[in-house]
Amino acid sequence: MFGRSKKESLYKGHFQKRLRLLYSDEQEHKWIFITQYINSIMSVKQEMINGVIWTAIQKYSGLLIQLFVTAILARLLEPIDFGVIAIASVLISFLGMFTEMGFSAAIIQNQSLLQKDLNSIYSFCTYVGCITCVIFFFSSNYIATYYVDQRLSTICKLLSVNMLFSGLNIVPNALILKAKRFKLLAKRTLGFQLISGIISILAAYSGLGVYTLLISPIFTAIGVFFVNYHIYPQKFVFRINFDSIKKVVNFSIFDFLSNFVNYFSRNLDKLIIGRYFSLNELGYYEKSYRLMMMPLEYITRTIDPVVHPIFSQFQNDKFYLSKKYNQIVKLISTISFPLGAFLYFAAHDLIHLFFGDKWDAAIPVFQILSISVPLQMILSTIGGIYKSTGKVNWQFFGGNLNTVITISGFILAAIYYKSIEAIAWAWVTTLTINFINSYIILYAFCLKQSPLPMLRELIVPFGIMITIFTSLYFIQPHIISLPTLLSLSISTAITITEMLFITHITKRYDIIKLFILIYNKIRIKNNFN
């Protein structure tokens with residue numbers, strides 16, 4: 001992939017020379033425009049690679065830290081503690097949407113904002129952050145009464161400070177992404193994860209209990225503000241220029257509404273379990289859900305933050321966007337379908353390894369949720385493409401439809417089946433329906449391209465998943481009694497071997513060539529050092 005740079009440069013130079021011969025002096029400006037466009041396309045690949053590499057470093061290093069910290073805290077705290085924090089986190093996420101209001105994506109998308117515009121947006125977000133902070137603080141007693149746990153009152157009061165710093169961080173975070181400073185984001189995130197993780201472990205050993213789980217979100221929110229202030233200091237103005245707000249409001253309002261609608265489809269299951277089941281059951285469900293979401297967080301979201309800042313410059317070239325997005329789907333589906341089969345059969349080992357024996361009730365829920373992993377990982381990349389095309393209104397309309405379907409599924413599961421397993425099945429079923437809805441809308445109304453090339457990319461991964469599922473089904477009874485790490489290692493080896501073999505023989509990717517490329521790069525680096 002990197003070894004082609006010389007060949008691409010020769011191709012680009014030859015192509016530009018041919019283009020220039022086609023135009024007269026009077027059309028010189030057209031040639032300049034086309035040359036700049038070609039340069040932009042050629043640079044996208046390198047920008048995408050650089051962004052993905054640094055985002056991956058951030059995500060995977062953070063994964064190791066998070067797994068280590070979680071493994072310790074899950075053994076020191078009780079499931080109900082995680083259930084209590086889950087409720088508070090869901091509610092603070094709800095108010096956080098009103099603070100952010102889609103401004104972050106709008107700042108990235110808009111190429112004409114001046115510093116005075118940014119100052120007004122920054123000040124507006126700060127005002128809203130203060131208001132939501134006060135609302136959350138004074139609502140804490142009502143929240144605790146509703147969920148019949150008085151600890152929620154103190155927890156919500158402490159977490160309310162996050163609302164203020166959330167408002168202060170919106171504009172600087174957007175500018176960092178817009179400048180494609182992914183290396184900075186990686187260093188900043190890892191630093192705070194490591195420090196807050198160490199403090200949380202020490203606090204748990206000291207007997208701080210459920211309040212241990214507040215250290216990371218509060219410490220990170222405050223720490224990020226000071227880093228942002230040092231790198232991208234913004235000027236607070238008391239009198240906001242609403243003309244600056246109007247420059248981004250048409251984009252931001254639909255992004256906000258999309259997030260608002262999506263919030264209910266993502267969090268209503270937890271609110272229902274916490275209120276009508278028990279906080280203890282919510283703890284089991286939340287841990288299963290978080291473990292299932294890790295592939296989403298640490299595989300697809302190494303790509304998703306990079307997509308919008310880079311692809312937004314091609315928002316008028318729908319054919320190019322669809323072609324590049326199909327390549328992303330090809331990569332993600334090759335990973336996600338085999339991963340879904342693996343997680344289903346590795347549920348017992350993973351729960352025991354990361355959380356311990358007292359979390360056995362989470363195993364069935366995790367197995368059910370793992371079925372949704374393939375489609376969920378692919379679907380998670382769709383937001384950046386919606387934003388890149390500037391069609392956030394369609395994202396909002398599609399999100400409305402998806403949320404209605406999801407909420408209906410959760411309500412039916414809660415009324416008729418009344419178990420956390422039923423809620424998990426509702427999530428899987430509605431996600432499948434929403435996957436179909438979302439891609440019909442994206443390709444028909446935003447990209448205006450046929451979805452068939454994208455769907456064809458799913459055929460081989462689906463076959464790989466079936467093969468792995470069948471293999472693990474027959475091998476699982478023979479390894480279930482082995483030590484956890486050994487059993488997990490065997491399942492992992494079978495999954496990776498079959499995935500790589502089928503991927504290579506179907507010529508989806510040249511695995512041998514890829515390994516040779518990696519080997520040569522490592523050898524060159526070692527020789528250089």
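Residues that satisfy the salt bridge (Lys or Arg N to Asp or Glu O under 4.0 Å) test with Arg188, not counting sequence neighbours, are absent from this structure.
Side-chain atoms of Tyr276 never come within 3.5 Å of backbone atoms of Leu271 as a donor-acceptor pair (strictly under, hydrogens ignored). A donor-acceptor pair under 3.5 Å is absent between the side-chain atoms of Thr212 and the main chain of Leu208, judged by distance alone. A donor-acceptor pair is defined here as one N or O able to donate and one able to accept, closer than 3.5 Å; such a pair exists between the side chain of Ser372 and the backbone of Leu369. Between the side chain of Asn400 and the backbone N or O of Phe397 there is no donor-acceptor pair closer than 3.5 Å. Distance alone, capped at 3.5 Å, is enough to place a donor-acceptor pair between the Asp117 side chain and the Leu114 backbone. In this structure a side-chain-to-backbone donor-acceptor pair under 3.5 Å is missing from Ser123 to Ile240. Of the possible donor and acceptor atoms, one in the side chain of Ser322 sits under 3.5 Å from a partner among the backbone N and O of Phe319. Side chain of Thr154 to main chain of Arg151: no donor-acceptor pair is present (N/O by atom type, distance under 3.5 Å, no hydrogens or angles).
Tyr127 pairs in a ring-ring contact (aromatic ring centres under 6.0 Å, His included) with only one of the listed residues (Phe238, Tyr122, Phe236), which is Phe236. Shown are Ile405, Leu401, Asn402; of these, the side chain to side chain contact (heavy atoms under 4.5 Å, CB included) with Ile433 is made only by Ile405. Among the candidates Leu168, Ile170, Asn173, the single residue satisfying the side chain to side chain contact (heavy atoms under 4.5 Å, CB included) test with Asn228 is Asn173.
To the nearest 0.5 Å, the span separating OG1 on Thr381 from CG on Leu331 amounts to 10.0 Å. Atom NZ of Lys246 is separated from atom CG of Asn241 by 9.0 Å, given to the nearest 0.5 angstrom. If you take OG on Ser278 and CG on Asp149, they are separated by 11.5 Å, rounding to the nearest 0.5 Å. The CD1 atom of Ile80 lies 11.0 Å from the CD atom of Glu281; values are rounded to the nearest 0.5 Å.
Aromatic ring orientation, Trp427 versus Phe410: parallel (interplanar angle below 30°, classes split at 30° and 60°).
Counted by atom type alone, Ser153 and Lys157 present one or more donor-acceptor pairs between their side chains at under 3.5 Å. Side-chain contact check for Ser93 and Asn267: no donor-acceptor pair (N or O, by modelled atom type) lies under 3.5 Å.
For an aromatic pair to be called close, the ring centres must be under 6.0 Å apart, and Phe445 with Tyr443 fails this. Here Tyr285 and Phe277 keep their ring centres 6.0 angstrom or further from each other. For Phe165 and Phe226, the ring centers are positioned 6.0 Å apart or more. Less than 6.0 angstrom separates the ring centroid of Phe435 from the ring centroid of Tyr439.
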Item to check | Candidate pair Ile85 and Ser89, rule side-chain contact (heavy atoms from CB on, under 4.5 Å), full reasoning | outcome: CA-CA 6 Å; Ile85 296 299; Ser89 299; 3.7 Å; yes
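Within the structure, the salt bridge (Lys or Arg N to Asp or Glu O under 4.0 Å) test picks out no pair touching residues 190-219 (sequence neighbours left out).
Nearest heavy atoms, Pro79 versus Asn280: CB-OD1, 3.6 Å.
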Check residues 130-139 and write down every donor-acceptor pair under 3.5 Å in which the side-chain atom is one partner and the other belongs to a residue at least two apart or another chain.
| residue | atom | partner | partner atom | Å |
| --- | --- | --- | --- | --- |
| Thr132 | OG1 | Thr99 | OG1 | 3.1 |
| Thr132 | OG1 | Val128 | O | 3.1 |
| Thr132 | OG1 | Gly129 | O | 3.0 |
| Ser139 | OG | Ile135 | O | 2.7 |

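In this structure, Thr70 and Lys287 have side chains that are in contact, with non-hydrogen atoms separated by less than 4.5 Å.
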